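All remarks here apply to the structure that follows.
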Amino acid sequence: MLTLTCPYCGATVEETELAPGGEAHLKRFGPGASDADFESYMFSRKNPKGVHFERWRHAYGCGKWFLAARCTATLEVFGTYPAQTTEPPADLVAKIKEKRPTWEGYE
Amino acid sequence: MANRRYSIFAVAREALRYHAGWERAWASPAPKKRYDVVVVGAGGHGLATAYYLGKVHGITNVAVIEKGWLGGGNTGRNTTIIRSNYLQDPSAAIYEKARSLYEDLSQDLNYNVMFSPRGLLMLAQSEHEIRGYKRTVYANALQGIETRWITPAEVKDLVPIINIDGPRYPVLGALYQERGGTARHDAVAWGYARACSNMGMDIIQQCEVTGVRTEAGKVVGVETTKGAIDCGKLAIVVAGHSSVLAEMSGFRLPIESMALQAWVSEPIKPTIDVVVMANLVHGYMSQSDKGELVMGGGTDGFNNYTQRGSWHHIEETTRALVETFPIVSRLKMLRQWGGIVDMTGDRSPILSKTPVEGIFVNCGWGTGGFKAIPGSGFAMAELVAKGHSPLAAEFGLHRFREGQFIDESVAAGVAH
Amino acid sequence: MSTRLSKGGRLIDRTQPLAFTFNGKPMRGYAGDTLASALLGGGKSLLGRSFKYHRPRGLVASGAEEPNVLVGLGRNARFEPDQRATTTELFAGLEASSQNHWPSLEFDVGEVNNLLYKFFPAGFYYKTFMKPRWAWKHIFEPIVRQAAGLGETPKEADADRYEQAYAYCDVLVAGGGVAGLAAALKAGRAGKRVILCEMTAHWGGRAPVDGGTIEGLAPEDWVKTTLQALEAMDNVTIMTRTMVAGLHDHGYVICYERVADHTPGDGRPRHRLWRIRAGLTEVATGAIERPLAFAGNDIPGVMLAGAVRDYLVNWAVSPGDRVVVVTNNDDAYRTALAVLDAGLTVPAIIDARPKAGGALVQAVKTRGVPVLEGRGVARVLGHKAVKGVEICAQAGEGGAIQTIACDAVAMSGGWSPVVHLWSHSGGKLNWDAAAVMFRPDATRPPTGDAGQPLARCLGAANGLLTLDAIAAEAGLTAQVEAEAPIVPVWTMPAGASDALKFKSFLDYQNDVKVSDVQLAAREGYESVEHTKRYTTLGMASDQGKLSNINGLAILSDTLGQSIPATGTTTFRPPYTPISFGAITGEARGEIFQPLRKTPMHGWHEARGVHWEPVGLWRRPYTYPKAGESHRDSVNREIVNTRSNVGLLDASTLGKIVVKGPDAGRFLDMMYTNMMSTLPVGKCRYGLMCNDNGFLMDDGVVVRLSEDSWLCHTTSGGADRIHAHMEDWLQCEWWDWKVYTANLTEQYAQVAVVGPKARKLLEKLGGMDVSKEALPFMTYREGTLGGFPARVFRISFSGELSYEIAVPANMGLAFWEALNAAGEELGVMPYGTEALHVMRAEKGFIMIGDETDGTVIPQDLGLGWAISKKKADYLGKRAQERKAMVDPNRWLLVGLETLDGSVLPDGVYAPAEGHNANGQRNTQGRVTSTYYSPMLKKGIAMGLVKNGPARMGEVIDFIGDKGAVIKARIVDPVFYDKEGAKADV
């Protein structure tokens, strides 16, 4: 039973208030994209055992989608941030690097 | 190592000398330098792949390597349900192949896997489910799978403890597979392991793959914690960790790993003789031979490698089961646990060649892997040995590019 | 023989005798007794039968670790199987019965298994019962199942109720012994929010029984003082009868409060399940004593030394008059002293250590008890009760040196910290060879959301087994006798013969013996998990509390490796079993799940409606009149609607407003068709796909004003579609200026349908609803009968139809007004089934019937609703993939049987031949099929390979029992093909 902090409300909330939404920062490919790009966008997932950037919606709260950096092996949450970005904030990436020196980083 | 045949006579003979004469069920050798085929993962699917490579295709220079202990992943964590009442042709084919192999598996392996075709019900609790399950019955008939639609009264006859008149979701009938049931999950892994070992294959436990070696786009071997092993072909059969192995091999899979939980009651005398799945309310239950009621529901929705799930799923499913079987309220939960299941984009498995020549992958069984073990191993062995298997043909990675999905969600929107 | 002593018993109140029954026989105990102490005090030592061999069994323990004495409790709707006697508080009128025997506890036919024990070693069933194939299911498995299991099945639904509660705290303390009380006091004084849970009804843990002094006070007095201090603190909550069942991720703790187990039927909830978010869980859960593995260590009368002490001191119950103590540590000598203090006899202490010499040993020796050093028990004599013990050299193979007559044996193999909670979420353990125990590794705790430790172990749970060490850890001082070191003893004697090992039990309940673990190791089940699963060691309902460490040590010995090299099995929640009733809470029956009701719900219900669950809603399926079948009722509703006027409660329909400067652009992405060009006041049917190309929802979109659109969704789809819209708005096109609002429950909606619909609305009076003022597929706002209304000229039935939305709080009044005004027009409500039939008569698709997650709009002849002009919409790229443009896709057609019968729902049409897997090839299937009362024949829709090009062709469908049903491929519009009836 996770707890995550919604970056909009500032509230630390129970998993039961949230809806998970899978990997974050996927780039959408639409008409004109190659089969390979479209397939990769739809289905290929990093699914790391370790640091994972992912989407959550504060579904039974403010209704906002937000993003989280979380370790899938320990469930540690490194931070949450608004969804309106194409990559994780630099300070969060730095914080994760400090906590997980062997992490290969966000590509 | 030729292993003594198991039989009631052997047990009786051993009884007279305190069972001192039993040999190891499987050998525990150091890895050889090279194998024709290396199977990564000594769960049910990996061991079954090795077994049918030997039995059907005569390939016995095989190693099955396992980072932990054999059968220690989802093979030993599932709720042991076996059924083949799937809707789409490719699923129905492979699950029915598996189910039919289960029928004779104890005799085939000379190891009692306790396949118990006690019957399996999927309850219909909405008009939508009635239509979905009736459709499945008609599809199954053309697929050569025996299923039928039964009435609420027939459901009650089969499951006297069920409440068919629940105020919210009364039971409107059920999809019944008489030859569905359960088996003893650990025994499946152990039986295959013993049979593989008897064929001269090496089962190497406590051996983690740390790298995959390729040359010119072709696999040549693996690096392991017990040294480098060369191989002609590599079969990756590591539910829950498929993405990790794929990453080592240089490709990605359409997979996300999630936790799926199960739990049991304290043991009671025979209470329910069939497997019941209530998909609308998200729960299923059967009784083990030890007397525990075995229960489970849906997966968590987020990526997770911890083998621990979230408590609220247990509450939701327990409510569903208490609503369906009111007497459960007065029983107690003995033990809960979790496994990591790999979920694909269409929730159907992957048995496929990969971008690397000689590497084959078998994964993505999601919540339904145990029931598929013999069929999955049979198809995977054929795929590895011949490069093509009719049972596996539709389950290739190509389907995600071409949009040729195998989507079963219409028939069963719940874990099982 | 066990008996109640005339004096003593710190927990019992002799002024309050309580009558109860065991196996129907009347017995008496006292308030403060557990069922176990009352039974033992009543002279009952044979109390159960084991799982596999049906061996006679009695109490081994005094607490939650008891493996043997599980009883059936209560009767009828309050019957509970498998309840531990040791954790059941006695109450007047308690009814208990022993389990797993036939015909009686004293004479159990199943005990034949015990005589044949040699034939039933670990895993024998994997090697046998394989022939003939059918025999497992039909002969062997039923025998195994009947023999296995323990308690009886409850026969009635539960009469009790259960509650659930939430709590939050900085510090949760699990365990109300000295360590737990001290920890709670410390945290409480520091101003933390503290919850202290004790699973029994009493505070103090072992200390009041084991003695010593804390801060100069007798333990009992220190406990009392500390409790008073805790009770005075507002920031501290203390709970008895509350077990911390599991420590889950991010500090989510499940606690199980047995509120009224000891006062059944008093109106309170039986159990309460607490979900607590705890900053830190202090694990002060104590330790559990280990049995010693000698032959006959399961005969009734052989008990843990600590338990013997508990029964004597707490409940004034003696397990026997002559108690032999067998041990490898000093603590068990306290039991000898307690036995002597009770005026009973200790014929000898058998100490497996070569030398015994601590203060406790001296104290016992001083009282004249012989201490036999370097000795072990070769075997216990007796069957249903202990008669004596044969003594041997511990270092030998079990040759008897002497026999000592006794009627009880108190054994101690040392103590194991209770580290379950620590381990549930990943806390790690170290093997402490000197202390002979796994103890928590404080450097590898379970971690929380910020990587911080979630738990800390204290006291005995932290491996501190003596009162002075426990107190020191808590910053207190305590005095207690010093103890000499323990010496590990895993089998007794060390070189026990096979014959002895086959009778030396590790897991009592599951009848796992030393020989079984060794057999598993020999056969290659070398991993601790393999051994556990092969032998079932630790898998009984005590979850290995007594057996795991002993089994692990014997496995390690057999494999010739150290205990840490073998490792432990994983501890799984809950600590002891918790009721499914508590896990369910109050969510049962009508409130099993939330019920969503439309404003007209009560009206429908009052008219005997037949409901259909749709998501969490209930929708009227049909409104049968007295004596009318559902089918007749549906047909009546259809005929009436098509010839007069019908009313449908359409309030469940999703209503999402999309508003803003970029709303049109946004909807063009959401829908396959063009919505931005829809004129204000107009309606358009829209299709929504996911980005994987599949049809996910449909509905009519209305342009309310220049910058706002109203999107109708399917009944089940409103929340899902709203979330889907928000997903794309927030995560992909966050710079687009659009707001969405899900107004589904803000409006009641009624479909007024049929040739007399307009007449009905005109009777209500108000806005102009004429064809000219309000043509087909348009929308106006106004009033009807005084109700503010949004009126949509849309039709899902092919009839003249108005869908009218009014504010939800006026929904019922509006519905009643329509019914009243329509009476002379023959108005009748109709339900979902009539709706379905009418839409099928018109060839309209239904999400969930024609679609199943594998269908794209192009399959359904809905190409007209897919904009060719748009560069992009969700699903467009996906629909260009190879499989989506395959000319062999199955496409929507109408189907009619040649004889007018109704095609069965879901039937398939086979094609020539079989596929590579031996399955019949198929070429189509039925997606919707109904009897049309208008056309007086069956009509159906289906997906058929290349169907629209095959109009008129007759194909076979395979129905029940292989029956061939011939059906003709026809246009899917069966009724009013020209659409004349709607557009009037």
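The sequence lines fix the lettering, A, B, ..., with proteins before strands; numbering per chain opens at 1. All values derive from a computational prediction rather than experimental measurement.
- If you measure heavy-atom distances from A:Phe43 to chain C, the contacts under 4.5 Å come from the side chain alone.
- For C:Arg877 against A:Gly32, the heavy-atom pair with the smallest separation is CD-N, 4.2 Å.
- In terms of modelled atom types and a separation under 3.5 Å, the side chain of C:His250 and the main chain of A:Thr3 share a donor-acceptor contact.
- By the side-chain hydrogen bond (donor to acceptor under 3.5 Å, both in side chains) test, C:Arg275 is found to be paired with B:Glu315, C:Gln164, residues two or more places apart in sequence or in another chain being considered.
- Rounded to the nearest 0.5 Å, atoms CG (C:Asp249) and CD (A:Glu76) are 12.5 Å apart.
- Residue with the most contacts toward chain C among A:Lys64, A:Lys27, A:Glu39: A:Lys64 (heavy-atom pairs, distance under 4.5 Å).
- Residue C:Lys192 qualifies as open at atom NZ: its count of foreign heavy atoms under 6.0 Å is 12 or below.
- Looking at C:Gln730, its side chain does come within 3.5 Å of a backbone N or O of A:Trp65 through a donor-acceptor pair.
- Contact check for C:Arg881 versus A:Phe38: side-chain heavy atoms found under the 4.5 Å cut-off.
- With a threshold of 4.5 angstrom between heavy atoms, C:Glu732 approaches chain A through side-chain atoms but not through N, CA, C or O.
- Of the inter-residue distances, the one linking A:Gln84 atom CD with C:Asp735 atom CG reads 10.0 Å to the nearest 0.5 angstrom.
- Most heavy-atom pairs under 4.5 Å with chain A: of the set C:Gly451, C:Ser425, C:Gly251, C:Gly426, this distinction falls to C:Gly451.
- In this structure, chain C has heavy atoms under 4.5 Å from both the backbone and the side chain of A:Met1.
- With a threshold of 4.5 angstrom between heavy atoms, C:Leu874 approaches chain A through its backbone and through its side chain.
- Listed by first and then second residue, the salt bridge (charged side-chain N to carboxylate O under 4.0 Å, His left out) pairs involving residues 1-17 of chain A are A:Glu14-C:Arg277 (not counting sequence neighbours).
- Among the residues in residues 51-59 of chain A, those with a non-hydrogen atom closer than 4.5 angstrom to a non-hydrogen atom of chain C are A:Arg55, A:Arg57.
- Checked against side-chain hydrogen bond (donor to acceptor under 3.5 Å, both in side chains), C:Trp274 has the following partners two or more places apart in sequence or in another chain: C:Glu257.
- Among A:Pro82, A:Gly30, A:Gly21, the residue making the largest number of heavy-atom pairs under 4.5 Å with chain C is A:Gly30.
- In terms of heavy-atom proximity, C:Asp691 sits nearest to A:Arg28 at OD2-NE, 2.8 Å.
- With a 4.5 angstrom heavy-atom cutoff, C:Asp719 does not touch chain A via any of its atoms.
- Taking a 6.0 Å sphere around NZ of C:Lys882, one finds it holds 12 or fewer heavy atoms contributed by other residues, nucleotides or ligands.
- For C:Ala871, the part sitting under 4.5 Å from any heavy atom of chain A is the backbone (N, CA, C, O) and nothing else.
- Looking at A:Thr12, there are no atoms closer than 4.5 Å to chain C (heavy atoms on both sides), in backbone or side chain.
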